Amino acid sequence: MKLVIVESPAKAKKIAEFLDDSWHVEACRGHIRDLPETELGVEVAQDFRPQYVVLPGKGNLVRRLVRAMRRAEEIYLATDPDREGEAIAWHLLQLAGDLDDKPVHRARFTAITRDAIRSALAYPAPLNADLVAAQSARRVVDRLVGYLVSPLASQALDGRFSAGRVQSAALRLVVEREREIADFQPQTAWTLSVQLATQQAPQSFEARLVQVKGEKRRFSQRQPLDQLAERLATAQFWVGSTRRVMRSQSAPPPFTTASLQQAASATLGLSPERTMTIAQMLYEQGWITYPRTDGVQVATEAQSAARDLIVERYGTDYLPPEPPRYVNRVINAQEAHEAIRPTDVHLLPEHLLPDENAEEDAEEVSDKGDAARLYRLIWRRFVASQMTPALIAHTRAVIYAGKRIGQPFPLAFHARGRIQLWEGHRRLYGETETEENSDALLPQLKDNQLLTRLGHRVDEHISRPPQRYSEASLIAALEQRGIGRPATYAGMVATIQARGYVLREGQQLRPTPDGERLADFLTTHFDRLFASDATALLEAQLDQVAAGKLTRSALLESFWDEFQPRLAQVAQRITESRSSEAKSQPLVLHPIAEPTADEATP
DNA sequence: CAGTGAGCGAGCTTCCGCTTGACTT
């Protein structure tokens, strides 16, 4: 018997279908060992040795897996092909103990198709110890930061507070945004627009003043524009130049976890947490691929199925000559899984709509309704991602106004038009309407053509403060900076709310006073640790460990050399201010000076 | 003699990341 171990039980079931009786497939359900929850669990002086323990509640599962590994003739560790998956495979081996000379392989695949599975099992590889070391370094850094800074923050702020590489960076974004809003000074700008028409075409168009006597101008008051507008009554208008540019707008890539959470929030009003609950259900029932992913790549089988469906349902005009290839732009992407897509495009969203005749209680119907809507969103986005680009013609005209053509007292206006020549993927997955309609159609214009002025308008534009984050847009901001992972996004935005650092009002997130105090404490004393690029810098080092160019010890030592003195300094400040001040006085902490550039560079 | 400090032990917290059920509200 040959044994395959994967993480997800749903995956195990599917893979078993592809293999014959000589194979046995088991699932380990994610991590099986970790640092103990109740203590630090890292022996700093012993090369940062982690003290791993079997995760609570997983004892029976681990015993079962170990028994299966001992019995098997050959073992294929097929945990996810990323840093965490490599570590899980290593933990499995550690727990299994002595396996004699039994062949042990590491199998890696990113799509659950018959071909992908068979070829992964036919061409296995050894375990990558460097990747395991990188995971261990990641884990230890997170533990040291979380378990050493949290108590300090609690002491200093006299309450129960927590800090972590991810949650504190998230909190900081929310707090910084709130301050930008508080400090915001609205700017008023006035604009002058004229409505114009040609002799030939019936419909009018609008042009906005941009230059006066050859100089670009912005107006913060109304009065000068009113004066200019008066003179327009006797002016002539003519076309200076026109330019037409064709732009093709590529289809959006299929969904990842973060982009699905964004879209489900924007179009269906679902929270990231609810989106993930429903997506997990759809995954377990075989409707969609794995829902926790940062990959935008798609199995070739799925691409050709989508191409068949596009021809059948929409026609060859919507089919690009080659299937599009999407490239990941996310910093910390591991791409262990495909993009989120229907497992079978021929399962149409209509098939999942709730049966109207069935009698069910309201909650169940709304669950099914949300599931159907989410599936429809995923289906449309995926099929659209395989369609042709949309084609849009942008026209820009410069219009002059003066006493007579060729003798301007010269005012220059800009008019813009936009025509969609081909809808392409937008047939299935459109943009938001507002942007689309803001630029109207322009009539045919020739250079030096005279125009009729129909009227004018002077408008006030007041700049708006930045928007508060929503749960989904905060996740997008974190993803963009490489902070957090698909499996943790939804939980993390729930955590900072549950801890009382952030409040949600409708869709908007705003910090609480406690949240601001915590963020200020962390920024003052541990600025670089929780800066928004700290994770990216750590990731770059972890990549080096994974590539064998940096050792785990070197990474952790250089981290500790910077972190530990800072920690000690802050702890000392806290005890000093505790003892030097009367008990009734609030604790005031003075910032520690940043090291100079010389000290900072090793 | 009263206040302070050192030293010790108990109790209570805390991180990120991977996966699903078995619980309670």
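In what follows, every heavy atom counts, from backbone to side chain, and hydrogens, waters and symmetry copies are set aside. Computed from a predicted model, the values in this text were never measured in an experiment. The chains referred to below are lettered A, B, ... by the order of the sequence lines, with proteins before strands, and numbering in each begins at 1.
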So which nucleotide from [options] ends up closest to the side chain of [X]?
X        : options                : answer
A:Arg138 : B:dC16, B:dC18, B:dT14 : B:dC16
A:Val166 : B:dC16, B:dT14, B:dT20 : B:dC16
A:Tyr283 : B:dT13, B:dT20, B:dC18 : B:dT20
A:Ala487 : B:dC18, B:dT20, B:dC16 : B:dC18

- Message: Under 3.5 Å, is there any donor-acceptor pair linking the side chain of A:Arg143 to the base of B:dC16?
- Response: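 Result: no qualifying N/O pair found.
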
- Query: If you take atom types as modelled and just measure distance, does the side chain of A:Arg139 reach the base of B:dC15 with a donor-acceptor pair under 3.5 Å?
  - Reply: yes

- Message: Tell me whether the side-chain N/O atoms of A:Thr488 come closer than 4.0 Å to OP1 or OP2 in B:dG17.
- Response: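 Indeed, a polar side-chain atom of A:Thr488 lies that close.
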
- Item | Phosphate contact (B:dG17 OP1 or OP2) by A:Gln135 side-chain N/O below 4.0 Å | no

- Query: Parallel, tilted or perpendicular: which fits the ring planes of A:Tyr76 and A:His105, with parallel below 30° and perpendicular above 60°?
  - Reply: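 Tilted, since the angle between the ring planes falls between 30° and 60°.
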
- Message: In this structure, how many angstroms lie between the C1' atom of B:dC16 and the CG atom of A:Leu40, rounded?
- Response: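 Interatomic distance, CG of A:Leu40 to C1' of B:dC16: 14 Å.
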
- Using a 3.5 Å cut-off on both pairing distances, which stems of three or more Watson-Crick or G-U pairs include DNA chain B? none

Under 3.5 Å between N/O atoms: give me all the protein pairs with nucleotides 21-24 of chain B, atom names plus distance.
unit_1: B:dG21; atom_1: OP1; unit_2: A:Arg29; atom_2: NH1; d: 3.1

- Task: Give one of base, sugar-phosphate or nothing for A:Glu37, where a contact means two heavy atoms less than 4.0 Å apart.
- Result: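 It contacts base atoms.
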
